[in-house]
Amino acid sequence: MREKDFSHLELWKVFERLKGYFNSKATEKFLQTLKPYTDVEGLRQEIQLVEDFLAVEESLVLYPFGDIEPYIKKSVLQDATLSLEEILEIYKVIKLIRDARRALGAHVPLRKSLGNLLKTLHHFPQIEGIIESTIDQRGFVKDSASQELATIRKKIRDLEKEVTKRLENILNRPDADRLLSDRIITIRNNRYVLPVKTTEINKIVGIVHGTSSSGYTTYLEPHSVVELNNRLVVLKEEEEEEVKKVLKRITSYIGEFSTKLMSAYYTLLKLDYLKAVARFSKEIGGKFPKISDAKIYLKSVRHPLLVFTKDHVVPIDIKIEGKRGFVLTGPNTGGKTVALKTLGLCALMFQFALPLPIEEGELPVFEGIYTDIGDEQSIEQNLSTFSAHVSNLAEFLPLVNEKSLVLLDELGAGTDPMEGSALSIGVLEYLKDKNAYVFATTHHTPVKLYALESDYYTPASVSFDKETLEPTYHILYDAVGSSMAFEIAKRFGMPGEVLEYARKKMPAEFEKFSKAKEDLEGLIKEYQKKLKEVEQAKEGLERMKAEYSSLLALSEEVKEKAYREGMSRALQYLQEIEREAEELLKSARERQKIKQFVKEKKQEVMKELKEEPVKVGDWVEFMGSKGRVLEVREDKVQVSFGGVKAWVEKQKLKKAHPPVEQEEYSLEVNKRFPTEINLIGLSTEEALYRLESFLKEAKALGVKSVKVIHGTGVLKRVVEDFLEGSELVVFRREGYPREGGAGVSVVFLEKP
């Protein structure tokens, strides 16, 4: 198929709409690889996949992710080292792949086509394991990543304590307020320094590392910490080298799984595309037509793009059956071109396995869809409108066969009407010989008469209200429409003498045409009358169906009510048994047995009557261990058992009372849960996503306060705005100097 035909039908606008729903820019590259299906079996399988996915897509949750293809390719290069950010992006995608596999896997038994997607959504527990054991939740390489790194960092911490201690001695000097512009320790050029008043700089021996923008403060490295800072610089270089070794090891491990990882990643892109298709389908009320051998039928179809731009789009019926050609006539602004483009775009979308805005329909699978639409004038090639049309026709007509759909708008326009009509009929005859599907629009009367007498082309017209001279946008089949030039001219005040003279000059063939047109209009009115009767009968059947459904629902409601009343009576009966038993049996032992029996029966009845669902924050019991619910997803629940998180099937859990030692348990969890998160270096989108997840988990585990490291730039404002509006946050404040100052927010999840 030709790209220019895609452009004429504005398929790119549909793709632009889809792009707006993608979670990743990489999915746009996936979209560019798509081609229309031209084989029936391939299209049938893809439609089945899309329909199965649309039925279950709400169970799959995707969030924004990056393009990791370059990172995967980089990982296989010799001596390559992925950055920490690149590794974390891969880790994020691997988790998405894992979640997608879990979400879709439950539906495969009933929707077999999803199994083909699952085959390439591979597991990567090894990569997840090495990343999780090496990099913490804040995005830093852990001390435990290697023995050498742990040793170096211990030395760094010990040295930093000593440097801090010596600098604090200066901060605590009696004359500190006179010497220092602020009582804080800060860092310049990777060295610990003090902010000294520029006027007092000669009072402390040390090395200057710059001044503030106002010149009021000079950052000074006191002589007492110079040697310690030197050693720190060396150790941090060693730390950086050791971190690179760790990242290189992870890179090599990722490279070993690169083939499977790339395959799974491409499948994730397809899932992201299918999620976009699902949203698109909901917005247009999309359905798939059946695959037909020879019939074109779209019932109540709307132009897919007009659905998004207009409040109300008049649906039309497009039918090409029995005959393979269709010639649509009628006045300008009547909707001819829109109808033609609607068929063309819907046929293209169908072969891309995209749902259509229809009630129902049937379409063949075309090997080629060729168009000649609109003003084709080409200034660059020095072609007139007519010449451009002829050039375009000459280009694609030799390619046409019985599996082609040809769309011709304003056939024969742009030249002498007689010659244009003759050429148009010649084109239609050529396409008839090729046995192609044809949808043409025209104003030329000879072409209309040709269609009336043809055994290959069905004549039709767009309806027009003669009283208001407004289009109704409906298609009348087996009819021809006039351009209504006289009626429109009369309405706009054309002198009657002009119109009368013009009518006398109409050729004799026009009288023949008018008579045939009147006969057809009579048949159409009769047809419409019968059609209205059929529609009324259909409405009656629909009402009967609705009444039946209402009765069925009422029956179910009565049945449910009777069940509950029966259960209520059963409880009352058990209570009466309890009272009678207590009167008859005076023995305490026997009374206790009766009470226990009735209690057990009550519990059984109440459990049948109502069973509260498990929700976030509940305490539950599983295999003798108690834990707290962190997240609920369909039939599975994430539970924290003493700080260890696990997914458990909902049916295997039972609700439990909070343990007596709940307070001590929360304290133990708090100690294990990190109380700070570092967002520096992340995009605002990724930072807010991580922060929200971190706060939710902290809240669920009973952590009272956490520290958020965001720096003093744009990210600080974004984070503060988020915290201000978060329901999880009770109170927040800027960090004190010892806590990190303005680059840190301390967040309270409970009242301090």
Q: Assess Lys323 against Tyr457: is NZ or CZ under 6.0 Å from the centre of the six-membered ring, and within 45 degrees of the ring's axis?
A: no
(Q) For Phe15 and Phe352, take the angle between the two ring planes, folded into 0 to 90°, and tell me which bin it lands in: parallel under 30, tilted 30 to 60, perpendicular over 60. (A) perpendicular
Q.
Other residues, nucleotides and ligands only: do more than 12 of their heavy atoms fall within 6.0 Å of CD on Glu41?
A. yes
Q. If you round to the nearest 0.5 Å, how far is CG of Leu305 from CG of Leu11?
A. 9.0 Å
Q | Name of the residue among Tyr430, Phe396, Phe439 meeting side-chain contact (heavy atoms from CB on, under 4.5 Å) with Val406 | A | Phe396
**Q.** side-chain contact (heavy atoms from CB on, under 4.5 Å) between Lys650 and Val632, worked out
**A.** CA-CA 9 Å; Lys650 192 183 294 183; Val632 179; 3.9 Å; yes
Q.
Between Tyr37 and Glu46, is there a side-chain donor-acceptor contact under 3.5 Å, judged purely by atom types and distance?
A. yes
Q.
So, using salt bridge (charged side-chain N to carboxylate O under 4.0 Å, His left out) as the criterion, who are the partners of Lys73 when residues are at least two apart?
A. Glu69
Q) For atom CG of Asp293, is the number of surrounding heavy atoms from other residues, nucleotides or ligands below 6.0 Å larger than 12? A) no
Q: Evaluate the ring planes of Tyr265 and Phe65, with Trp represented by its six-membered ring, and classify them as parallel (under 30°), tilted (30 to 60°) or perpendicular (over 60°).
A: perpendicular
Q.
Just verifying a value: how many Å separate Ser252 OG and Leu77 CG, rounded to the nearest 0.5 Å?
A. 11.5 Å
Q) Is NZ or CZ of Arg324 both nearer than 6.0 Å to the six-membered ring centre of Tyr456 and within 45° of the ring axis? A) no
Q) Among all residues two or more places apart in sequence or in another chain, which pass the ring pair (Phe, Tyr, Trp, His ring centres under 6.0 Å) test with Tyr253? A) Phe257
(Q) Can you classify the ring geometry of Phe366 versus Tyr437 as parallel (below 30°), tilted (30 to 60°) or perpendicular (above 60°)? (A) perpendicular
Q.
Under a 3.5 Å cutoff, is there a donor and acceptor pairing between the side chains of Thr371 and Asp5?
A. yes
